[in-house]
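Written out below as structure tokens is the structure these notes cover.
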Number of protein chains: 2
Amino acid sequence: MSTKNKILDAAEDLFAVKGFNGTSLREITSQAEVNLAAVNYHFGSKKELIKAVMSRYMNELAPNLEKVLLEVCEQDKPTLTQVFSAFAEPLLSLNDFRENGTSNFLQLLGRGYTDSQGFLRWFLTTQYPNVIQYFVDAVHKAYPELSAEEMFWRLHFTMGTIVFTMSSSEALLDIAKSDFNQDVEIASLIEQVIPYIAAGVAAPVGGART
Amino acid sequence: MSTKNKILDAAEDLFAVKGFNGTSLREITSQAEVNLAAVNYHFGSKKELIKAVMSRYMNELAPNLEKVLLEVCEQDKPTLTQVFSAFAEPLLSLNDFRENGTSNFLQLLGRGYTDSQGFLRWFLTTQYPNVIQYFVDAVHKAYPELSAEEMFWRLHFTMGTIVFTMSSSEALLDIAKSDFNQDVEIASLIEQVIPYIAAGVAAPVGGART
DNA sequence: CGCTATTTTAAACGCATGTTTAAACTGAAC
DNA sequence: GTTCAGTTTAAACATGCGTTTAAAATAGCG
């Protein structure tokens, strides 16, 4: 295993648990069993390392997401549940890509949105605009009555649901286990959240009551 | 204005925007126009200062939340929208308590859940258990078919929606403004999110489709 | 082998952090 | 006016950070 990959693997695990700001290069290089200076030699800076960790996942994930979202769009009248369910398979296949890949990636996504004042949001929206565009298209086809403004807010609510749940998923899975003897996997967590967000995005517009 | 309050005010504003880890004591004391050592003199440590900032809000908010949640529970058959709408007034009244009180508090809540590895979650659940209990009771009365496990997950999804939205609300409000010329206040953001989370929690159980 | 380019290494640099110290100041009580 | 607890202050402390340096080790190639 190359030094570069050893660093990427260690950085990914630590970033997921402790956040970007909360993880030092010394922790990373120590866990990776490489020299401290190796990060700056191979990646240039900590910021570039963060980008590299995220890119490794996004380059794997983006084509798959674009594919399934386009497929959903091809249907006459997709349901919102279909739209959100489309994410499940590409996300879960990250577990073949790397151990705990799904969970790690979603946690990283969560960290990136709250750590480091949104530079990751800029990174994702500029580097992978198609994923977002196809997703918006799919939601629009499933629920055309939703105005652009309402769509904007509901998609960010959804982002929040996912990102927060996943970034605190370790703690939550522990609580669930001790309270309900319920040994939840990340896969079943994804299944749990789909009806929630589908119903949320599907909520009637304009002050109607549930 | 006492030194203690000057520190609390400055810390609150900075914590909300830059997070707990992202704000240094020097920034706080500089903005508060007090000496650096004043924080450790009056509060003991940075961690205790964080607790003090949160306590100031929770001590104001908790009695009001408990009151409105108990009121909702007294109804024969409250709706989920009523349950979640009950939060609006106590939260918005924080604006009378302090300038930008509502927004600041919700942002702090969001920061606390992702920064500092969940010590704030422990703090809130142990210090203010009644609020959580009354809330769970209210949701249960509104939707008794929801099992304890499903309730657990959906309430955390809801927490995620709120907390994430609010912790990135500054960025989101800016984007909304530039994209839609839509000058959104925190109050209307709360109104937007209520139907979303009410519908999410109200989603049918057991794999039914929307 | 001998040369070169790449990689690894230990050490240091400069800087920012939370905290502590001890002296200076303040304001009421006697 | 003196005393003394409470408060403020400037300075230093110890530590950890990301980054840089320059020498040592390694690997690839003619």
Side-chain angles (χ1 to χ4, degrees), chain A residues 1-56 107-108 111-120 122-123, chain B residues 1-56 107-108 111-120 122-123:
Chain A
M1 166 111 54
S2 70
T3 299
K4 218 167 169 173
N5 279 327
K6 281 198 271 187
I7 293 174
L8 282 173
D9 290 352
E12 175 187 319
D13 289 339
L14 289 166
F15 283 157
V17 175
K18 316 179 68 169
F20 300 118
N21 294 333
T23 305
S24 71
L25 295 185
R26 283 168 175 80
E27 291 179 273
I28 293 170
T29 53
S30 161
Q31 174 159 327
E33 295 179 310
V34 302
N35 188 274
L36 166 62
V39 170
N40 289 280
Y41 176 76
H42 285 284
F43 296 94
S45 69
K46 184 179 180 180
K47 201 162 201 168
E48 289 298 318
L49 172 61
I50 295 173
K51 279 193 201 173
V53 168
M54 293 308 296
S55 292
R56 193 165 61 150
Q107 284 186 254
L108 291 172
R111 298 294 182 182
Y113 261 73
T114 47
D115 283 17
S116 65
Q117 302 192 229
F119 113 86
L120 192 67
W122 165 85
F123 174 70
Chain B
M1 166 109 60
S2 70
T3 298
K4 218 167 166 171
N5 279 325
K6 280 198 273 188
I7 293 173
L8 281 172
D9 290 353
E12 174 187 321
D13 289 340
L14 289 166
F15 283 157
V17 174
K18 317 180 67 170
F20 300 118
N21 295 332
T23 306
S24 71
L25 294 185
R26 283 169 176 79
E27 290 178 273
I28 293 169
T29 53
S30 161
Q31 174 159 327
E33 295 180 311
V34 303
N35 187 273
L36 167 62
V39 170
N40 290 280
Y41 177 76
H42 285 285
F43 296 93
S45 69
K46 184 179 180 181
K47 202 162 202 168
E48 289 299 317
L49 172 62
I50 296 174
K51 279 194 201 172
V53 168
M54 292 308 295
S55 293
R56 191 163 64 147
Q107 284 186 253
L108 290 172
R111 297 294 183 183
Y113 262 73
T114 46
D115 281 16
S116 65
Q117 301 189 235
F119 112 88
L120 194 66
W122 165 87
F123 174 70

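Every chain is numbered from 1 and lettered A, B, ... according to where its sequence line falls, protein lines coming before strand lines.
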Next on the checklist: On a heavy-atom basis, which atom in Ala10(B) and which in Ile28(B) lie closest, and how many Å separate them?
Outcome noted: CB-O, 3.7 Å
Next on the checklist: What contact category does Thr23(B) fall into here, base, sugar-phosphate, or nothing, at under 4.0 angstrom with non-hydrogen atoms?
Outcome noted: sugar-phosphate
Checklist entry - To the nearest 0.5 Å, what is the distance between OG1 (Thr23(A)) and CD (Gln31(A))? => result 9.5 Å
Next on the checklist: Just to verify, what does Asn5(A) make a side-chain hydrogen bond (donor to acceptor under 3.5 Å, both in side chains) with, not counting sequence neighbours?
Outcome noted: Ser2(A)
Checklist entry - Can you check side chain to side chain contact (heavy atoms under 4.5 Å, CB included) on Leu25(A) and Asn40(A), steps first, answer last? => result CA-CA 9 Å; Leu25(A) 295 185; Asn40(A) 289 280; 4.1 Å; yes
Next on the checklist: If the cut-off is 4.0 Å, is His42(A) near the phosphate of dT8(C), judged by side-chain N/O to OP1 or OP2?
Outcome noted: yes
Checklist entry - Hey, mind stepping through Phe15(A) and Gln107(A) against side chain to side chain contact (heavy atoms under 4.5 Å, CB included) and telling me if it holds? => result CA-CA 9 Å; Phe15(A) 283 157; Gln107(A) 284 186 254; over 6 Å; no
Checklist entry - Any side-chain hydrogen bond (donor to acceptor under 3.5 Å, both in side chains) pairs touching residues 6-15 of chain B, not counting sequence neighbours? => result Asp9(B)-Arg56(B), Asp9(B)-Arg98(B), Glu12(B)-Arg56(B), Glu12(B)-Tyr57(B), Glu12(B)-Arg98(B), Glu12(B)-Asn104(B), Asp13(B)-Arg98(B), Asp13(B)-Asn104(B)
Item to check | Phosphate OP1/OP2 of dA10(C) contacted by Asn35(A) side-chain N/O (<4.0 Å) | outcome: yes
Identify the pairs formed between an N or O of the protein and an N or O of nucleotides 20-28 of chain D at a distance under 3.5 Å, and give each distance.
none

Checklist entry - Is the backbone of Phe20(B) close enough, under 3.5 Å, to the side chain of Lys46(B) for a donor and an acceptor to pair up by distance? => result yes
Checklist entry - Side chain of Glu27(A), backbone of Ser24(A): donor and acceptor closer than 3.5 Å? => result yes
Item to check | Terminal helix-axis angle for the helix from dC1(C)-dG30(D) to dC30(C)-dG1(D), with five pairs defining each axis and rounding to 10 degrees | outcome: 10°
Item to check | Between C1' of dT19(C) and CD of Glu48(B), the distance in whole Å | outcome: 14 Å
Checklist entry - Is any side-chain N or O of Arg26(A) under 3.5 Å from a base N or O of dG16(D), one able to act as donor and the other as acceptor? => result no
Next on the checklist: Please list, in numerical order, the residues of residues 1-16 of chain A that have a heavy atom closer than 4.0 Å to any atom of DNA chain D.
Outcome noted: none
Checklist outcome for this item: Lys47(B) NZ to dT17(C) P, in whole Å, measures 19 Å
Checklist entry - Atom CG of Leu25(A) to atom P of dA10(C): distance rounded to whole Å? => result 17 Å
Checklist entry - Once you round it to whole Å, what is the distance between C1' of dC17(D) and CD of Glu27(A)? => result 11 Å
Item to check | Ser30(A): side chain to side chain contact (heavy atoms under 4.5 Å, CB included) partners, not counting sequence neighbours | outcome: none
Checklist entry - Is the distance from OP1 or OP2 of dT17(C) to the nearest side-chain N or O of Ser24(B) less than 4.0 Å? => result yes
Next on the checklist: With side chain to side chain contact (heavy atoms under 4.5 Å, CB included) as the criterion, how do Lys4(B) and Phe43(B) come out once you've worked through the C-alpha distance, each side chain's angles and the decisive distance to 0.1 Å?
Outcome noted: CA-CA 8 Å; Lys4(B) 218 167 166 171; Phe43(B) 296 93; 3.5 Å; yes
Checklist entry - Can Leu36(A) and Arg26(A) be said to form a side chain to side chain contact (heavy atoms under 4.5 Å, CB included), step by step? => result CA-CA 6 Å; Leu36(A) 166 62; Arg26(A) 283 168 175 80; 3.8 Å; yes
